[in-house]
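For reference, positions follow the sequence shown, starting with 1. Just follow the structure's listing: the first ligand is 1, and inside any ligand the first atom is 1.
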Amino acid sequence: MTSQRVAGRYTLQHEIGHGAHGAVWAAHDEILGRTVALKRLGATAGRGDDAIRAEREARLAAQLGHAHVVAVYDLVTEASGAWLVMERVEGPALSDVVRDAPLTPDEAARLLAPVADALAQAHALGIVHRDVKPSNILAGPEGAKLTDFGIARGSDDATLTRTGLVTGSPAYLAPEIATGGQATPASDVWSLGATLVHLLTGRPPYHRDDLDNGPLAVVYRIAHEDPPVVPDAGWLAPLLARTMAKDPKARPTMAEVRGHLARTVVAAEQTMAMPAVRASRRTTRVIAAIAAAVVLLVLVTALVLRPDGDEGTSGAGKDSGSPGTTTTAPTTPAAAPTAEEMETFARNYVATASADPSRGFAMLTPGYQAASPEYADFWGRVRRPQILTVTADPAAMTVTYRYKYVLAGAGRRSELVTLDLVDQGGSLLIDNATSR
Ligand SMILES: Nc1ncnc2c1ncn2[C@@H]1O[C@H](COP(=O)(O)OP(=O)(O)OP(=O)(O)O)[C@@H](O)[C@H]1O
């Protein structure tokens, strides 16, 4: 136990774990009154490298804002070093989950489908994670969450080259990286496949009991040997074979992987419950994490398979529920806005409207403002909004997102919202919103 306080507000409680780049601590945020996780940086490597990593991680995680990406709240620098302040996930890393026994294909698919969704979103934004592995996926009560974007590469980080090979985990590296090539979305697909192998077998791929398992030996095997065949892969075997195709071009996109895992999960849900024998071998905490993941997956899958979505709940969303936008970056497209700009607009809108309803209201057209008398009342009660999915249709000038939030006095809600946008003088405004 320690009473050390970081940045005057985070009281360290206990060490949760230790990675190659420093310790991770549970801490209490004295200002917001919540538990957070603090990762200490700079303890082992050069401080400059760690600071760069941390800044990149903070920036990319914030850019993603995905429900299955560990949120980064802050980055603080003290005399003792730099600290990354993150959402604390109450659950083990997947590498710990499979320490006693491997998962069944159903269990593995349930856990990884939302992670594939987060990665698909990252890829759509030009971000390659580059270190997808079981210890970077945490099994929390809201489902699995991806962390450690420290060596991820954004589209504007063209100068970052070899860091992944040095600090990434050799066992999950794609063959093209093991032979000196550049990381691409396809190499994340391989690494997710390698993660799947670990979950189904309890070991990293290319691990051999009879051979040297040092990093260089493993990298050599990745480059020169065929991927492992997993006898217990069941119905995931075809997907596994495709994700771990040696030729990156032969691999599916992450969006396809996500779709396959999610569809499979829904099919499995219709025919069977969670396998009781296997479930009894896990901690209840992990079972809860898997169950929560199923709930979220069904939401995501419902969106993918049934674009009409489910019945919405919040009446408030109809008039005042979802129009929104940013005060900082109403996009100023030269021509028509792109899908990415519209999606960013929607994300920024929800964040802005919930933080300051008057600023959100300013992003509606005058006509829609007049039609939204309950706007401030609704957004003033929205807490902790989280965008789960967002898709824009530039031709129709609509952007549709599913988000969940807590409505003060009414509890948790989830809604599918479509915003009709108009481009007024280079700025986007919301002309109507419908929610289901
Ligand atoms: N936000 C978090 N909430 C809860 N636990 C976390 C969080 N981030 C990391 N941990 C835990 O802390 C431990 C160390 O994490 P860290 O990311 O530093 O290292 P790693 O991923 O295991 O290794 P490496 O640094 O080589 O990538 C892990 O066991 C992980 O379970």
Side-chain angles (χ1 to χ4, degrees), residues 6 10 12-29 32 34-47 49-54 56-58 60-62 64-76 81-100 111 115 118 129-153 163-173 177 183 188 191-192 194-195 198-199 204 214-215 218-219 283 285-286 288-289 292 386:
V6 172
Y10 305 110
L12 299 187
Q13 294 173 322
H14 58 270
E15 193 174 311
I16 309 172
H18 210 287
H21 296 271
V24 177
W25 289 75
H28 189 253
D29 180 346
L32 294 181
R34 63 181 175 184
T35 302
V36 293
L38 259 65
K39 187 192 275 196
R40 185 177 180 171
L41 304 147
T44 53
R47 174 120 0 134
D49 285 352
D50 274 353
I52 291 167
R53 269 180 69 116
R56 184 178 301 113
E57 174 160 9
L60 295 180
L64 279 172
H66 192 282
H68 292 276
V69 169
V70 174
V72 175
Y73 299 140
D74 202 358
L75 177 62
V76 294
W83 296 83
L84 198 62
V85 184
M86 298 176 280
E87 163 190 11
R88 170 148 192 220
V89 179
E90 298 279 354
L94 296 192
S95 46
D96 292 324
V97 170
V98 296
R99 219 172 278 287
D100 296 334
L111 281 170
V115 174
H129 185 283
R130 309 207 312 164
D131 200 13
V132 176
K133 59 178 179 175
S135 71
N136 279 340
I137 301 170
L138 306 176
E142 295 175 330
K145 296 204 176 203
L146 179 65
T147 185
D148 213 346
F149 279 80
I151 63 168
R153 188 188 63 189
T163 319
L165 191 55
V166 175
T167 60
S169 304
Y172 310 90
L173 281 184
I177 313 287
D188 276 354
S191 298
L192 193 73
T195 298
H198 191 147
L199 299 189
V218 170
V219 167
T283 65
R285 198 163 56 163
V286 173
Q386 271 190 315

message: Yes or no: does Thr147 have any heavy atom under 4.0 Å from an atom of ligand 1?
response: no
field: Distance in Å, His18 NE2 paired with Arg40 CZ, rounded so as to fall on 0.5 Å steps
entry: 9.0 Å
query: Do any N or O atoms from the side chain of Asp74 and from the backbone of Val85 form a donor-acceptor pair under 3.5 angstrom?
result: no
task: Find the distance between OG1 (Thr195) and CG (Leu146) and round it off to the nearest 0.5 Å.
output: 9.5 Å
message: Please list, in number order, the atoms of ligand 1 under 4.0 Å from a heavy atom of Lys133.
response: 23 (O), 24 (P), 26 (O), 27 (O)
message: If we set the cut-off at 4.0 Å for heavy atoms, which region of Glu87 has an atom near ligand 1: side chain, backbone, both, or neither?
response: backbone
message: I need the atoms of ligand 1 closer than 4.0 Å to a non-hydrogen atom of Lys39, numbered in the order shown.
response: 17 (O), 18 (O)
field: Interfacing atoms of ligand 1 (cut-off 4.0 Å, heavy-atom, Val70)
entry: 1 (N)
field: Atoms of ligand 1, numbered as shown, that sit under 4.0 Å from any heavy atom of Arg88
entry: 3 (N)
- request: Using a 4.0 Å heavy-atom threshold (strictly under), name the region of Ser135 that reaches ligand 1: side chain, backbone, both or neither.
  value: both
message: List the residues meeting ring-ring contact (aromatic ring centres under 6.0 Å, His included) with His66, not counting sequence neighbours, and say none if there are none.
response: His68
- request: Let me know which of Asn136, Leu199, Val115 forms a side-chain contact (heavy atoms from CB on, under 4.5 Å) with Leu94.
  value: Leu199
message: Show the atoms of ligand 1 that are less than 4.0 angstrom away from any heavy atom in Ala37.
response: 1 (N), 2 (C), 3 (N)
- prompt: Is it true that a side-chain atom of Asp148 and a backbone atom of Asp131 form a donor plus acceptor pair closer than 3.5 Å?
  reply: no
- prompt: Relative to ligand 1, is Asp96 under 4.0 angstrom through side chain, backbone, both or neither, heavy atoms considered?
  reply: neither
field: Short side-chain to backbone donor-acceptor contact, Lys145 and Ala67, under 3.5 Å
entry: yes
message: Can you name the atoms of ligand 1, numbered from 1 with element, that are less than 4.0 Å from a heavy atom of Ala93?
response: 31 (O)
task: Have a look at Val24, Leu38, Val89, Thr35 and point out the one with the heavy atom closest to atom 4 (C) of ligand 1.
output: Val89
- prompt: Is there any N or O on Ile16 that sits under 3.5 Å from an N or O of ligand 1?
  reply: no
message: Looking at Asp29 and Thr35, would you say the former's side chain and the latter's main chain have a donor-acceptor pair under 3.5 Å?
response: no
